[in-house]
Amino acid sequence: MFEEVSPQFTFADREKATLDFWREHHIFQKSMELHKADPPFVFLEGPPFANAPPGVHHVLARIMKDAVCRYKTMTGHYVHRKAGWDTHGLPVEYQVEKQLNITNKAELEAYGVQNFIEKCKENVFQYEQEWRLMTERIGFWVNLDDAYITLSNDYIESVWWVLRQAWDKELLYQGHKVQPYCCRCGTTLATHEVALGYKTVEDPSIYVQFPIKNKENTYLLVWTTTPWTLPSNVAIAVGEDYDYVCVEHEGQNLILAAELLPKMFAEEQPRVTTRYKGHELLGWHYEPLFDFAETAQSGARGTVPHALASASERAYSIVAADFVTLEDGTGLVHIAPAFGQDDYDIGQKYGLPLVQLVAPDGTFVTEVAPWAGEFVKDADSGIIENLAGRGLLLKADEYTHEYPFCWRCDTPLLYYARESWFIRTTAIREQMLQHNQQINWYPEHIKEGRFGNWLENNVDWGLSRERYWGTPLPVWTCNTCGNQHCIGSIAEMKEHGQMAADASVAQGPGTRNVPIPDDIELHRPYVDDVILTCKKCGGTMQRVQDVIDCWFDSGCAHTAQWHYPFENQDMLTQAYPADFISEAIDQTRGWFYSLLATGTLLYDKPAYKNCLCLELIMAADGQKMSKSRGNTVDPWTILNEQGADAMRWYMFTACPPWAQRAFKLEGIDEALKKFMGTLHNVYSFFVMYANIEGSSVQSVTQGPAPHELSLMDKWLLSRLHTTIDTVRTEMESYHLTNASRAIEAFIADLSNWYVRRSRDRFWGAESGPDKRAAYATLYEVLVTAAKLSAPFVPFLADELYRNLVGSLDDEAPVSVHLALYPVADETLKDAQLEADMAFVREVISMGHAARNRSGIKTRQPLSELTIGGLSEGQQATVTYLAELVHAELNVKSISFTKDMNAFAQVTLKPNFKVLGPKYGKNVQAIAKTLATADATSLKAELDATGSLQVGTFTLTPEEIDVQTQHREGFFVEADAQKFVALATEVTHELKLEGLARELVNKIQNLRKTADFNVADRIQLSLTATSLVHEAFEAHQDYILRETLTTEVVESPRENAFSRVESLNGEEATLSVLRV
RNA sequence: GGGCUUAUAGCUCAGACGGUUAGAGCGCGCGCCUGAUAAGCGCGAGGUCUCUGGUUCGACUCCAGAUAAGCCCA
């Protein structure tokens, strides 16, 4: 016996029971142990941040990973599922700063780095519990108790080892990076922070004249909105292909872009004296506007961070740059490498000096004598006056534009070159591109599109962050000789280092230093106290202050999750590269890149083979989900109400995971009703009747006996095995949506066709081979469907499986997740039968339409259905499956006709697909002729002669499409090829039969209203018109059998359940009583 | 500003290779069927396949441009 399926339930509650079962019986662990010896399938978990509660997009990512891992497990792979946590980085620092009301570095240092770091550690796992609960509740099987954590010493040590590899390959170097910088907070800002603080402001807009060397009275006209960067100017850029002119203006010669001349001199156009192409200007030298840089170079050390170290030949000359536009300005762009990334890059390209005359606090250095100590933006007016006084200013206006301000303190940001550490990824670019070719991307366009482009345009990875909470950059610099060294392990650090007794003092290896403890915490500020002895000069080395980009942390996951190479040497060879990763598309430049970059750097192999790229989830209104819009969805409301399976199924089937999805709760309800409801109904139908049948269906576990199968059974099994094939194929190529949709289509067929047409085989029929076959088939199909859907709806699938299999078979695995995935049995597939069934269903569907049009209800039998337009083969198919047509349409006989005209209108059209290539242009002429001629006689000619003469062309039947449309006034339904027509005459006999079916229907309804059990036998009495009695007499056996009536009495007993009904207009009083 | 993606019914989505009646589900209205139902079946309404050009005998499909939305980068 199976466990009864209660009609009162919610999926969400059932899922909790299943979770308990999994927990109690350690099903996840068992599923791993079961496949320990199988070939591994390597899954690499992208570590989430647990400092915010999980949202629906996290659910999406986790269930996609889960379905793939479950599928691979069930198909015989060992899938190690190590969880991970990302823990470092600015977001954490910001949250803690906010919490502590800290607004800048000075306040932070005053609070104490040590205290701050401890707060960060707490903050990172603020929502870990919630993540755990969510992960478990949605059925994501991952080992959270053996997670890799990027803040652990082991992890950091591995990351250090990776950095050391880069160092040894000379791929780790120090340079400069221009970054948005708040000089009040003393902090660079991340892009998203910059975006927070844009304001519309008025800035100076000035046109400055740079005197050309060796050309009397000739000037380069340059436009800028940041006068304060002019003292740091080192070059002027032009567009090589642009046209430039020299014009005479108020006694001076000015050079600017030809195209901008009208804009520049709105009123009177000056006279053009000479024309140049941009490239002709390259290499021209000009006089710097100020000489502060020269002073700074020879001045006191340290006051100018990066003065003119060696004035290159190129300094103060004209260079080419492709970012020069002709939209604004003069087509001549002032270049100050310290204050713009574009400028910096140009500086690197041409070997220009880096002139930096602004101190980190945003004021001019002492060498800029007139404005020393003044905030640079405040100095703008002074600079303008100065230039005007020297006759170097053509024009000064105000300019309204968007400028970024610090979102915390409202100070205007400066783009400012900071010392920075880089990974020379450009050196491994070609390898990365090659490795990218070996990765299967889903969707495919990522490979050449977004990701490929990103790699093509690769620049060196800016690795360092001037922050606190992160993996410390393990580079130490000698205070004495400047020698640098990268540490690659704790052991190495211990061997060569000590803990400084007073870290604030750069001191020699003195007596007060102590050895590094075994359990040294690798974070700042602890590691900052470590001093090394310089191998070159014996001096003291101190660690550079920076921490590294947290993307580098997670990018090392393939290696650092194992604490490789310090432990688990064997794991790396087994688990690299990963077979499968999946994250959202915003990881293209994030984790997808960082994994590939580190993997290429270390092993010269791609880090992963298959990458399932998820799109972001939009709110129901199509807008981005955000707290401020109030359109976010809390996964828990869904998990508690509709349940995890419904949410999962919705996400698998609604649209491909790489398509943008508007997240709709109605969609989840639909998944619940349409798929889960349907599957559950078939299941409960089976359980209900199987339990009534009792022991006679115990044999179902042996599977259906082939010789006993009906056509419907064979069809269903064929559909099942075709579906298995489809699902496997789609899953192998990570098309989870196609796979799950195939299952959904199968379940729809199972319920709406197989069960619908086979009900009486389960109910009421005598025991025998056919009944046994029906039970065995449905049982087999349900169990297989449970396995097939297990990766997608693990809860429902397991519930079905456990009841269906667990109740009968003690030998079988206790959970569907310990079973093997179904394999298609080719011998059970019958493509012809499937096609035939589809065709007959189409005919039946048209019959339904015709009946509908006639207004005669289906319970009323009709004598004949005429079908036209079928080929011989199609006729044979209908005849073969005629039983279904009879049953569905309630007609006594089926006939075929060739006479289209009686029922349908015929039109002839060329078969474009065949004739198009053959006759080209003439196809349209043929179509016209066929359309205008009398179709009926053409059809007659075609039928008689086997061909048709159209103009000069002779057409064969294959070259012509005969199309039909139903004629109005007939109970006929037609599609392009065929039609069905219904004989609507109701004879006396048919009328009686119709009444008999009415009686059955009403009695059944009465039983239901009276709340009888399905198997209860009844006593029946009937008082009605003579016609109804005649029908009752004529079909008594049928009526009694269908309604389980064992006794018919003249007048009802007192306690009988009675009702007056109208049967096709005939009145009848029906009474039923349980016996 | 650059790169990538998307645009088909009120909503969510299918539509290999270009072939002439563009489909499904949901929703809506009407009818039917039903002792499996959180069902099912049928009919109806609902589409200038975002727009404009081009290639072609023929374009939802290929090409170019535009518009809108989204993501990433600047």
Side-chain angles (χ1 to χ4, degrees), chain A residues 5 7 9-11 191 323 325 327 341-342 443 445-446 448-454 456-457 584-590 615-616 618 620 622-624 650 653-656 658-662 664 666-667 669-670 672-674 676-678 680-689 737-738 741 744-745 748 751-753 755-756 759 762-764 844-853 855-859 888 890 907 909-927 961 963 965 973 975-976 1001 1003-1005 1007-1008 1012-1016 1042-1044:
Chain A
V5 181
F9 73 100
T10 68
F11 284 115
T191 328
F323 55 77
T325 72
E327 273 159 38
Q341 190 62 47
D342 278 343
H445 61 76
I446 303 288
E448 301 301 336
R450 190 178 282 223
F451 198 66
N453 282 333
W454 163 251
E456 292 278 355
N457 299 317
I585 185 141
D586 55 354
Q587 299 299 332
T588 320
R589 283 136 162 101
E615 248 302 348
L616 274 77
M618 299 290 134
Q623 300 272 307
K624 195 176 168 174
Y650 164 70
T653 54
C655 70
W658 49 76
Q660 219 159 69
R661 153 193 332 252
K664 302 217 167 177
E666 306 88 78
D669 284 327
E670 200 180 318
L672 190 78
K673 278 198 232 171
K674 207 170 110 190
M676 297 177 49
T678 308
H680 189 268
N681 283 330
V682 176
Y683 157 70
S684 68
F685 167 87
F686 174 84
V687 168
M688 181 180 187
Y689 288 111
T737 301
N738 290 349
R741 281 177 179 171
E744 185 164 280
S751 170
N752 302 336
W753 195 241
V755 173
R756 168 188 160 90
R759 270 199 304 249
F762 294 88
W763 164 245
I844 288 170
S845 170
M846 288 167 72
H848 277 302
R851 268 206 101 104
N852 237 301
R853 210 187 301 284
I856 302 170
K857 59 172 76 168
T858 314
R859 266 202 301 270
E888 270 289 310
N890 199 12
T907 37
K909 283 198 170 168
N911 182 339
F912 284 98
K913 199 165 184 175
V914 176
L915 287 180
K918 192 167 171 185
Y919 294 132
K921 242 175 226 181
N922 298 313
V923 176
Q924 300 305 332
I926 296 171
D961 278 336
Q963 304 194 337
Q965 285 165 306
E973 185 64 22
D975 66 12
N1001 172 248
I1003 295 166
Q1004 297 288 36
N1005 285 338
R1007 287 179 57 115
K1008 220 194 270 190
F1012 294 173
N1013 281 328
V1014 184
D1016 285 345
E1042 287 293 313
T1043 58
L1044 297 184

Nearest to the side chain of [X] - [options]?
| X | options | value |
| --- | --- | --- |
| Ile585(A) | G42(B), C71(B), G3(B) | C71(B) |
| Arg741(A) | C57(B), A38(B), A14(B) | A14(B) |
| Val923(A) | G35(B), C11(B), G19(B) | G19(B) |
| Ser684(A) | U34(B), A36(B), C57(B) | A36(B) |
| Pro656(A) | G19(B), U12(B), A14(B) | A14(B) |
| Thr10(A) | A38(B), C57(B), G35(B) | A38(B) |
| Gln924(A) | C33(B), G35(B), G58(B) | G58(B) |
| Ser845(A) | U34(B), C72(B), G42(B) | G42(B) |
| Asn453(A) | C33(B), U12(B), G3(B) | G3(B) |
| Ala849(A) | G42(B), G19(B), C41(B) | G42(B) |

Determine the Euclidean distance between corresponding [atom1] atoms of [M] and [N]; express it in Å to zero decimal places.
| N | M | atom1 | value |
| --- | --- | --- | --- |
| G31(B) | G23(B) | C1' | 23 Å |
| G29(B) | G65(B) | C1' | 43 Å |
| U52(B) | G10(B) | C1' | 27 Å |
| C73(B) | C11(B) | C1' | 34 Å |
| A9(B) | G47(B) | C1' | 5 Å |
| C60(B) | C17(B) | C1' | 15 Å |
| A69(B) | C32(B) | P | 48 Å |
| G42(B) | U48(B) | C1' | 30 Å |

Check whether Tyr689(A) forms a cation-pi arrangement with Arg759(A) (NZ or CZ under 6.0 Å from the six-membered ring centre, at most 45° off the ring normal).
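Here Arg759(A) fails the 6.0 Å and 45° test against Tyr689(A).
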Between [X] ([atom1]) and [N] ([atom2]), how many Å, whole number?
| X | N | atom1 | atom2 | answer |
| --- | --- | --- | --- | --- |
| Met676(A) | U37(B) | CE | C1' | 15 Å |
| Asn752(A) | G42(B) | CG | P | 9 Å |
| Asn1005(A) | C32(B) | CG | P | 14 Å |
| Arg661(A) | C71(B) | CZ | P | 16 Å |
| Leu672(A) | U12(B) | CG | P | 20 Å |
| Glu888(A) | G42(B) | CD | P | 9 Å |
| Trp454(A) | C73(B) | CH2 | P | 7 Å |
| Phe11(A) | U37(B) | CZ | P | 14 Å |

For Lys673(A) and for Pro910(A), locate the closest nucleotide of RNA chain B by heavy-atom distance; then report the residue assigned to the nucleotide nearer the 5' terminus.
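Residue closer to the 5' terminus by nearest nucleotide: Pro910(A).
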Using heavy-atom distances to pick each residue's nearest nucleotide on RNA chain B, tell me which of Lys674(A) and Gly677(A) is more 5'.
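This one resolves to Lys674(A).
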Can you find a donor-acceptor pair, distance only, under 3.5 Å between [X] side chain and [N] base?
| X | N | answer |
| --- | --- | --- |
| Arg450(A) | C71(B) | yes |
| Ser751(A) | A39(B) | no |
| Arg756(A) | G40(B) | no |

From [X] [atom1] over to [Y] [atom2], what is the distance, rounded to the nearest 0.5 angstrom?
| X | Y | atom1 | atom2 | answer |
| --- | --- | --- | --- | --- |
| Glu744(A) | Thr737(A) | CD | OG1 | 11.0 Å |
| Thr858(A) | Arg851(A) | OG1 | CZ | 5.0 Å |
| Thr678(A) | Asn752(A) | OG1 | CG | 6.5 Å |

Taking only N and O in the side chain of Asn457(A), is any of them less than 4.0 Å away from OP1 or OP2 of G3(B)?
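No, outside the criterion.
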Looking at A36(B), I'd like to know if its phosphate oxygens (OP1 or OP2) sit under 4.0 Å from a side-chain N or O belonging to Tyr689(A).
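Yes.
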Heavy atoms, side chains only, cut-off 4.5 Å: are Glu888(A) and Trp753(A) in contact?
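Glu888(A) vs Trp753(A): side chains touch.
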May I ask you to say what [X] touches in the nucleic acid, namely base, sugar-phosphate or nothing, with a heavy-atom cut-off under 4.0 Å?
| X | answer |
| --- | --- |
| His680(A) | nothing |
| Pro443(A) | nothing |
| Tyr919(A) | nothing |
| Asp342(A) | nothing |
| Gly667(A) | nothing |
| Phe323(A) | nothing |
| Arg859(A) | sugar-phosphate |
| Thr858(A) | sugar-phosphate |

For [N], which nucleotide is its Watson-Crick or G-U wobble mate, given both distances must be under 3.5 Å?
| N | result |
| --- | --- |
| A64(B) | U52(B) |
| U37(B) | none |
| A45(B) | none |
| G23(B) | C13(B) |

Need the glycosidic conformation of A24(B): syn if within 90° of 0, anti if not. Which one?
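Base orientation relative to the sugar is anti.
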Heavy-atom pair with the smallest gap, counting every atom of Glu1042(A) and Gln1004(A)
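In terms of heavy atoms, the two residues are closest at O-NE2, 3.0 Å.
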Shortest non-hydrogen contact between Ala659(A) and Cys655(A), atoms and distance
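Here Ala659(A) and Cys655(A) meet closest at O-SG, 4.1 Å.
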Within the 6.0 Å centroid threshold, strictly below: Phe685(A) and Tyr683(A):
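Distance test on ring centres: not under 6.0 Å, no.
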Does the distance from a Lys or Arg side-chain N to an Asp or Glu carboxylate O, for Glu670(A) and Lys664(A), drop under 4.0 Å?
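Answer for the salt bridge query: no.
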